[in-house]
Structure formats: structure tokens, C-alpha cells
Amino acid sequence: MKTSIWSKQFWKAGIERAVKTFAQACVAFLAAGATGLIEVDWVQLASVSGLAALVSVLTSIGSGAVTDGSPSLSVEKID
């Protein structure tokens, strides 16, 4: 059965990927700056991480269009 990109399963998996990407971008931002938590520009951190999460969602949509409705290119379908 083909899953649509408009299904709840697709968006649940896509949002999970975006949250993971957001967290990874936060860690990368903190590590790249090598600053303490007090000196962090939190607005810039949120901006960079938010953009990474948005790109993740857009990538999931693109992947869903070429797979069997999965937000990942490595999975044929969502179970």
C-alpha cells in the first residue's frame, strides 16, 4: 500500500527527523563556537538550527515524492 505525503505517518516520521536535525545543528553550533553557554547567541543558534530543520522537512517532502511515501530515501515505505 502506498503511503501519501499527506498521511499522519509521513508527517510523524518527517517531524521526528526535523527535531533530530534541529538538535544536531544546535550541538554543531555550540561546538563550532567553542564558547560557554553564557556567551552563546541563542537567537542565532535558534535561527541556524531552525533553518536546518526546515531543510530537513523539505528533504522529507522531496523524498516522499520519489519513494513509496517515506520521508527517507533509504526506506521504501512506512510500516
Side-chain angles (χ1 to χ4, degrees):
M1 180 174 88
K2 185 169 174 128
T3 304
S4 167
I5 65 168
W6 302 111
S7 71
K8 183 178 178 180
Q9 289 175 315
F10 175 87
W11 286 103
K12 184 177 176 184
I15 297 300
E16 178 184 341
R17 290 169 48 95
V19 168
K20 289 178 186 179
T21 300
F22 184 90
Q24 292 166 348
C26 284
V27 171
F29 185 89
L30 290 171
T35 60
L37 290 176
I38 295 173
E39 294 91 23
V40 172
D41 182 349
W42 293 102
V43 173
Q44 187 176 13
L45 180 137
S47 177
V48 168
S49 301
L51 179 59
L54 176 62
V55 170
S56 176
V57 169
L58 294 175
T59 301
S60 292
I61 292 169
S63 298
V66 297
T67 64
D68 194 17
S70 171
S72 176
L73 288 174
S74 65
V75 178
E76 285 189 30
K77 64 180 179 179
I78 299 173
D79 294 323

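Just so you know, these numbers use all the heavy atoms, side chains as well, and skip hydrogens, waters and symmetry mates. The shown structure was predicted, so the numbers you read here are calculated from the model rather than taken from an experiment.
Side chain of Ser56 to backbone of Ala52: no donor-acceptor contact under 3.5 angstrom is found.
Atom CG of residue Leu51 and atom OG1 of residue Thr21 lie 11.5 Å apart, to the nearest 0.5 angstrom. Distance check, rounded to the nearest 0.5 Å: OG of Ser63 to CZ of Arg17 gives 6.0 Å.
Annotation: side chain of Ser60 is in contact with side chain of Phe10 (closest heavy-atom distance under 4.5 Å).
Scanning for side chain to side chain donor-acceptor pair (under 3.5 Å) contacts around Lys20 gives Glu16, with sequence neighbours left out. Residues that satisfy the side chain to side chain contact (heavy atoms under 4.5 Å, CB included) test with Phe22, not counting sequence neighbours, are Cys26, Ser49, Ala53. In terms of the side chain to side chain contact (heavy atoms under 4.5 Å, CB included) criterion, residue partners of Val19 (sequence neighbours excluded) are, by chain and number, Ile15.
Taking every heavy atom of both residues into account, Trp11 and Ile5 meet most closely at NE1-O, 2.6 Å. Taking both residues in full, the closest heavy atoms of Ala18 and Val57 are given as CB-CG2, 3.7 Å, listed atom of the first, atom of the second, then distance.
Criterion: ILVMFWY side-chain heavy atoms under 4.5 Å apart, direct or through other members. Under it, Val48 and Trp42 are part of a common hydrophobic cluster. Transitive grouping of hydrophobic side chains (ILVMFWY, heavy atoms separated by less than 4.5 Å) brings Trp6 and Ile61 into a common cluster.
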